[in-house]
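See below for the structure under consideration.
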Amino acid sequence: MKILVTGGAGFIGSHTVLALLESNYEVVVLDNLCNSTYVAIERVEALTGKNISFIHGDINCSNTLQQLFAEYDIGAVLHFAALKAVGESVQYPYKYYENNVSGTLCLLQAMHYADVNMFIFSSSATVYGETSVVPYTESLALGSPSSPYGASKVMIERMLADSAIAHPNFQAISLRYFNPIGAHPSGVIGEDPKGIPNNLMPYITQVAVGRRKKLSIFGNDYPTKDGTCRRDYIHVVDLAEGHVKALDWLQKQTEFSGVEAFNLGTGTPVSVLEMVDTFIVETGQNVPYEFSPRRSGDLPEFWADSSKAQKELGWQTQLTLTDMVIDTWRWQKNNPNGYE
């Protein structure tokens with residue numbers, strides 16, 4: 001089966017493409033490279049010894065999508081192409097709604113016209129909103145997220161539900177995950193944000209490798225044990241495997257139509273300060289930091305109950321926080337300036 005992976009040159013996308021190739025799927029990648037690089041595709045090809053069909057294009061371009069589905073016999077779509085910075089989305093909400101919501105709408109329409117009915121969506125724990133109790137379970141109703149980024153994920157999940165009602169052959173999975181970090185153990189592919197990192201771990205490693213002077217920790221007065229935010233961090237290799245498991249599961253559902261949601265997380269929250277301390281201990285690298293005001297859109301803490309994914313998909317995390325830290329540092333140390 002040929003799998004279309006949108007955003008397949010990005011951090012999570014590239015690791016999932018590698019996992020798909022290792023599971024003997026053929027992969028077609030569509031990416032506009034706005035937050036990624038083709039070098040990641042080349043390195044995945046080198047790691048696997050397999051070729052990837054790559055299209056440099058945008059999910060908002062209907063002509064590109066139409067040509068793609070006409071040229072390739074796509075069996076399923078894994079959709080990663082999205083802007084993902086919570087803080088930036090508060091500053092530039094239209095940008096997020098255009099790319100994430102409108103782009104997904106174009107993609108779903110193109111799939112419908114091409115009669116492609118299997119869809120796996122890279123969703124987020126933010127869909128549970130500000131008021132849901134932790135740990136998050138899939139039975140919770142979609143909430144009111146605190147950022148346009150989160151709101152865009154909720155809108156897309158509602159679009160998927162409506163698509164399933166209108167088109168009984170449509171089968172979709174929303175994978176709601178938390179904070180992916182880590183890198184492939186080879187140190188060949190990893191997270192390489194363009195500009196100033198919006199996420200904690202790449203900022204830590206860029207400080208450790210000398211690209212930045214110090215880490216800013218946004219808020220130390222949250223109602224947590226050390227005052228800093230707590231998140232459910234998951235190794236990107238575990239996360240990629242979760243997408244393969246979801247795809248395998250979807251192909252076995254002969255009578256299933258609609259949308260199914262699965263949380264992918266460890267179920268163990270880690271605070272910002274705990275993450276910094278773990279990195280220092282495990283790598284021996286110094287990470288100077290300072291506290292800054294809270295960042296708009298951040299919640300104090302949340303984590304996953306992933307028992308549904310374990311039961312139905314046969315998936316659970318295998319890699320530890322130590323693995324996440326060591327693998328991330330190996331990637332950054334081997335690639336101090338990222339892919340360039």
Side-chain angles (χ1 to χ4, degrees), residues 1 3 5 12-13 15-20 22-25 75-80 117-129 131-143 145 150 153-154 156-158 160-161 163-165 168-182 230-270 299 301-324:
M1 178 185 287
I3 310 300
V5 181
I12 304 170
H15 284 80
T16 303
V17 167
L18 189 151
L20 288 166
E22 290 180 335
S23 297
N24 295 317
Y25 286 102
V77 175
L78 273 65
H79 180 36
F80 296 96
N117 292 303
M118 284 196 287
F119 187 81
I120 296 177
F121 174 49
S122 170
S123 191
S124 166
T126 57
V127 301
Y128 293 111
T131 59
S132 293
V133 296
V134 289
Y136 293 160
T137 61
E138 297 88 346
S139 60
L140 292 168
L142 293 175
K153 295 292 187 179
V154 169
I156 293 167
E157 289 214 14
R158 287 176 174 155
L160 296 181
S163 295
I165 293 171
N169 291 330
F170 185 69
Q171 299 174 304
I173 291 178
S174 286
L175 294 178
R176 298 169 178 170
Y177 41 85
F178 291 67
N179 291 69
I181 60 173
R230 300 171 78 212
R231 295 289 182 265
D232 190 340
Y233 294 94
I234 178 174
H235 199 298
V236 67
V237 171
D238 278 334
L239 186 59
E241 183 61 26
H243 289 78
V244 176
K245 291 282 191 182
L247 180 59
D248 292 343
W249 180 88
L250 200 55
Q251 292 177 80
K252 297 173 184 175
Q253 308 310 306
T254 55
E255 298 181 0
F256 165 72
S257 65
V259 184
E260 196 71 62
F262 294 96
N263 289 337
L264 298 183
T266 65
T268 303
V270 177
L299 298 179
E301 58 183 1
F302 51 83
W303 63 93
D305 179 338
S306 298
S307 56
K308 181 181 176 183
Q310 182 176 350
K311 179 181 178 182
E312 298 191 27
L313 302 183
W315 173 91
Q316 62 182 359
T317 57
Q318 303 293 326
L319 300 167
T320 66
L321 183 62
T322 297
D323 295 321
M324 299 178 208

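Heavy atoms only: backbone and side chains are in, while hydrogens, waters and symmetry mates are out.
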Inter-residue atom distance Leu299.CG - Arg230.CZ, 0.5 Å rounding: 13.5 Å
Between Phe178 and Gly265, the two heavy atoms sitting closest are CD1-CA, 4.5 Å
Could you check if a side-chain atom of Val5 sits within less than 4.5 angstrom of a side-chain atom of Phe80, using non-hydrogen atoms only? yes
Tell me, do Trp315 and Phe262 make a side-chain contact under 4.5 Å, heavy atoms counted? no
Set of salt bridge (Lys or Arg N to Asp or Glu O under 4.0 Å) partners for Arg176, sequence neighbours left out: Glu157
In this structure, CG of Leu239 is separated from CG of Leu264 (nearest 0.5 Å) by 6.0 Å
Tell me if a side-chain donor or acceptor on Asp305 pairs with a main-chain N or O of Pro135 at a distance below 3.5 Å. no
Mark yes or no for whether Gln253, through its side chain, and Trp249, through its backbone, hold a donor-acceptor pair below 3.5 Å. yes
How about Leu20 and Leu247: do any of their side-chain heavy atoms sit closer than 4.5 Å? yes
Under 3.5 Å, side chain of Trp303 to main-chain N/O of Val270, donor-acceptor pair present? no
Let me confirm one number: the CG-CD1 distance from Leu321 to Ile234, rounded to the nearest 0.5 Å. 12.5 Å
Less than 4.5 Å apart, side chain to side chain, heavy atoms only: is that true for Tyr177 and Val236? no
Given side chains that start at C-beta, do those of His15 and Ile12 come closer than 4.5 Å, heavy atoms only? no
Say you draw a straight line from CD1 of Ile173 to CG of Leu160; how long is it, rounded to the nearest 0.5 Å? 11.0 Å
Quick one: are Thr266 and Met324 in side-chain contact, heavy atoms under 4.5 Å? yes
Would you list the pairs meeting salt bridge (Lys or Arg N to Asp or Glu O under 4.0 Å) in which at least one residue belongs to residues 308-320, sequence neighbours left out? Glu260-Lys308
Please tell me if the side chains of Phe256 and Leu250 come closer than 4.5 Å, counting only heavy atoms from C-beta onward. yes
Side chains of Ser306 and Asn263: any donor to acceptor distance under 3.5 Å? no
Might you point out which heavy atoms bring Ser124 and Lys153 nearest each other, and give the distance in Å? CB-CG, 4.1 Å
Non-hydrogen atoms of Ala19 and Ala240 that approach each other most closely: CB-CB, 4.1 Å
Just by distance, do the side chain of Asp323 and the backbone of Thr320 share a donor-acceptor pair under 3.5 Å? yes
Indicate the atoms forming the closest heavy-atom contact of Gly75 with Met1, along with that distance. CA-CG, 3.8 Å
Using a 3.5 Å distance criterion without hydrogens, assess whether the side chain of Ser23 forms a donor-acceptor pair with backbone atoms of Tyr25. no
One should read off an interatomic distance between Glu255 CD and Gln171 CD, to the nearest 0.5 angstrom, of 11.0 Å
Any chance you could measure Leu313, atom CG, to Leu175, atom CG, to the nearest 0.5 Å? 7.5 Å
For residues Val259 and Ser174, determine if any side-chain heavy atom of one lies less than 4.5 Å from a side-chain heavy atom of the other. yes
Do Asp232 side-chain atoms and Ala304 backbone N/O form a donor-acceptor pair below 3.5 Å? yes
Do you know which two heavy atoms are closest between Ile156 and Phe121, and how far apart they sit? CG2-CZ, 3.4 Å
